[in-house]
Peer 1: 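Sharing a structure below in structure tokens format, with a few things to ask.
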Amino acid sequence: MSDTRRTIMRVLEGETVAPPPIWLMRQAGRYLPEYRQTRAKAGSFLDLCYTPDYAVEVTLQPIRRYGFDAAILFSDILVIPDALKRNVRFTEGHGPEMDPIDADGIGMLDTDRVLEHLGPVLETVQRLRRELPAETTLLGFCGAPWTVATYMIAGRGTPDQAPARLFAYKYPKAFEALLMLLADISADYLVAQIDAGADAVQIFDSWAGVLGEREFAAFAVKPVARMIGAIRKRRPNARIIAFAKGAGYLLKDYRKKTDADAIGLDWSVPLDFAAELQKDGPVQGNLDPMRVVAGGVALEDGIDDILQRLGNGPLIFNLGHGITPQADPENVRLLVERVRGWRS
Ligand code: CP3
């Protein structure tokens, strides 16, 4: 009998699949003309996230075009602060903004109606599982507590998250309370996504790379381990990918300490070190998104290196971070074809 399990789920269970399955972070996004069209119809970015008709549509767009092995729910990590009533807005040319929170404000956060607020996102997950091809894995996601906290404290994105790092040193108790609150509601949110039909979930710690050694243990590892523990207690078979961008050598024990199934790797992770991490379980990554923009030899060499050095173990092929708006959709097609044409 043929194996009908979805390829990405096989890799998440530790199998080597050759050629490796592929999806791309931010695969639904501004590099696609059909995304820009739906985005214009939706009005604001948050309206796009909270209107299941639109969110389902943009999630499916890259699947129709390229047949990726996974669809990732279209939403944003900042719907959590939005559900916590932090007045999140996405204005053209500014990136995300929200009301910055202070130590007193953390004690007053109201977590009561978070999942109700996120109801439309959960409806999107349900509808996606019905509309996706049977072979396509559906990924849910959320931000890691540290990364979400950086935006909540600064009220916007900053180059090195100095406001959140400073806040953590000055107000350690309030900061710890914020991380634990975010860990608990994010675990509830991911359980709700799994129950709505997500096959696996990814936790994005996009700002892990600005943390020192002790801070990585306290602000990145500990809250993510708490989240994963809370999820596994309720859904023992949950499959979880943890992506701590920029963490470098600190990724060494990250899988063991967090209990994630797979580790996401950014493009700065050396492939020898990646291969070492892969001995303990699946890895995902790690092509530089700029290689997709450049195309040609830069794209081909980057793909071939990853396939040769990680393709003989459990690998989910991906970029090392989100695809950028200037990427040519034709280069994405070449990327998918080259990965799918590879034989170990
Ligand atoms: O296709 C997918 O990957 C699913 C959708 C998705 C989005 N954001 C859509 C989005 C996912 C998984 C995210 C995660 C996210 N959001 C992260 C973690 C991953 C990462 O990129 O580091 C972070 C830090 C955010 C916060 C965020 N959202 C920022 C900083 C920005 C502005 C920067 C930018 O690229 O414009 C966003 C906006 C955003 N989220 C867009 C998309 C497609 C672009 C906004 C638009 O279409 O106008």
Side-chain angles (χ1 to χ4, degrees), residues 8 20-49 51 53-79 90-96 124 128 131-133 136-141 143 147 157 202 204 206 241 243 245-246 264-268 284-304 306 316-341:
I8 290 190
I22 175 172
W23 70 280
L24 305 183
M25 290 187 274
R26 288 276 176 98
Q27 64 190 18
R30 286 163 294 181
Y31 75 106
L32 288 179
E34 58 270 36
Y35 171 86
R36 296 194 297 268
Q37 219 177 4
T38 311
R39 169 86 170 77
K41 260 198 287 184
S44 81
F45 177 73
L46 282 177
D47 286 335
L48 179 56
C49 295
T51 310
D53 281 343
Y54 292 136
V56 167
E57 167 58 22
V58 295
T59 306
L60 295 175
Q61 286 168 350
I63 307 304
R64 289 189 199 115
R65 216 187 235 263
Y66 304 112
F68 287 119
D69 293 277
I72 182 160
L73 160 70
F74 190 87
S75 179
D76 199 87
I77 65 167
L78 300 180
V79 296
F90 288 81
T91 35
E92 254 9 276
H94 281 264
T124 300
L128 279 168
E131 293 190 29
L132 278 167
T136 312
T137 297
L138 176 56
L139 297 175
F141 75 93
T147 289
Q202 175 157 325
F204 285 87
S206 304
I241 306 167
F243 174 53
K245 182 174 178 287
L265 308 175
D266 67 80
W267 68 90
S268 74
Q284 172 177 281
N286 72 340
L287 188 73
D288 183 350
M290 287 305 118
R291 288 190 187 265
V292 184
V293 177
V297 181
L299 179 59
E300 293 171 3
D301 284 354
I303 297 168
D304 294 353
I306 293 169
I316 300 168
F317 199 102
N318 205 317
L319 305 181
H321 197 203
I323 189 167
T324 58
Q326 72 268 41
D328 181 345
E330 196 45 38
N331 286 346
V332 176
R333 186 178 313 285
L334 294 171
L335 161 60
V336 174
E337 279 170 12
R338 197 169 183 92
V339 171
R340 293 240 163 104

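The structure presented is a predicted model; accordingly, all values stated were derived computationally and were not measured.
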Peer 1: Evaluate the criterion side-chain contact (heavy atoms from CB on, under 4.5 Å) for residue pair Q284 and F243; output intermediate values, then yes/no.
Peer 2: CA-CA 9 Å; Q284 172 177 281; F243 174 53; 5.7 Å; no

Peer 1: Donor-acceptor check, side chain of T147 to backbone of S206, threshold 3.5 angstrom: yes or no?
Peer 2: yes

Peer 1: How far does CD1 of I77 sit from CD of Q202, to the nearest 0.5 angstrom?
Peer 2: 11.5 Å

Peer 1: Working to the nearest 0.5 Å, report the span between CG of L78 and CZ of F45.
Peer 2: 8.5 Å

Peer 1: Shortest non-hydrogen contact from N318 to L24?
Peer 2: OD1-CA, 3.2 Å

Peer 1: Would you indicate whether the side-chain heavy atoms of V339 and I303 approach each other to under 4.5 Å?
Peer 2: yes

Peer 1: Any donor-acceptor pair under 3.5 Å linking the side-chain atoms of T38 with those of Q61?
Peer 2: yes

Peer 1: Quick one: salt bridge (charged side-chain N to carboxylate O under 4.0 Å, His left out) pairs with a partner in residues 20-38, sequence neighbours left out?
Peer 2: E34-R65

Peer 1: Which pair of non-hydrogen atoms, one from A71 and one from T136, has the smallest distance, and what is that distance?
Peer 2: N-CG2, 3.7 Å

Peer 1: Quick one: CG on L319 to CG on L335, what's the gap to the nearest 0.5 Å?
Peer 2: 6.5 Å

Peer 1: Start with the C-alpha distance between T324 and M290, add both sets of side-chain angles, then the distance that settles side-chain contact (heavy atoms from CB on, under 4.5 Å), and finish with yes or no.
Peer 2: CA-CA 8 Å; T324 58; M290 287 305 118; 3.6 Å; yes

Peer 1: When L128 is tested against each of I63, L138, I72 for side-chain contact (heavy atoms from CB on, under 4.5 Å), which residue passes?
Peer 2: L138

Peer 1: Identify the two heavy atoms, one from Y66 and one from R333, that lie closest to each other, and give their separation to 0.1 Å.
Peer 2: CE2-N, 3.6 Å

Peer 1: Determine the minimum heavy-atom distance between L287 and I306, stating which atoms define it.
Peer 2: N-CD1, 3.5 Å

Peer 1: Look only at the side chain of N286 and the backbone of D266, and say whether a donor-acceptor pair between them is shorter than 3.5 Å.
Peer 2: yes

Peer 1: Between Y35 and F74, is the gap from one ring center to the other below 6.0 Å?
Peer 2: yes

Peer 1: Would the distance check show the side chain of D69 and the main-chain N or O of W23 forming a donor-acceptor pair, the cut-off being under 3.5 Å?
Peer 2: no

Peer 1: Say you draw a straight line from CD1 of I22 to CZ of R338; how long is it, rounded to the nearest 0.5 Å?
Peer 2: 12.5 Å

Peer 1: My understanding is that only residues two or more places apart in sequence, or in another chain, count here; which of them pass ring-ring contact (aromatic ring centres under 6.0 Å, His included) with F317?
Peer 2: none

Peer 1: Is the backbone of G43 close enough, under 3.5 Å, to the side chain of R39 for a donor and an acceptor to pair up by distance?
Peer 2: yes

Peer 1: OG1 of T124 to CD of E57: how many Å apart, nearest 0.5 Å?
Peer 2: 12.0 Å

Peer 1: Given side chains that start at C-beta, do those of W267 and K245 come closer than 4.5 Å, heavy atoms only?
Peer 2: yes

Peer 1: Looking at every non-hydrogen atom in both residues, tell me the closest pair between P289 and G320 and how far apart they are.
Peer 2: CD-N, 4.4 Å

Peer 1: For D76 and L46, indicate whether the former's side chain and the latter's backbone hold a donor-acceptor pair under 3.5 Å.
Peer 2: no

Peer 1: For a quick test of reading the model, state the closest non-hydrogen atom pair linking F90 to P96 and the distance between them.
Peer 2: CE2-CB, 3.6 Å

Peer 1: With sequence neighbours excluded, tell me which residues meet side chain to side chain donor-acceptor pair (under 3.5 Å) with T137.
Peer 2: none

Peer 1: Applying side-chain contact (heavy atoms from CB on, under 4.5 Å) to L32 and V332, what does each step give before you reach the verdict?
Peer 2: CA-CA 10 Å; L32 288 179; V332 176; over 6 Å; no

Peer 1: Check the surroundings of atom CD in Q326: do more than 12 heavy atoms from other residues, nucleotides or ligands lie under 6.0 Å from it?
Peer 2: yes

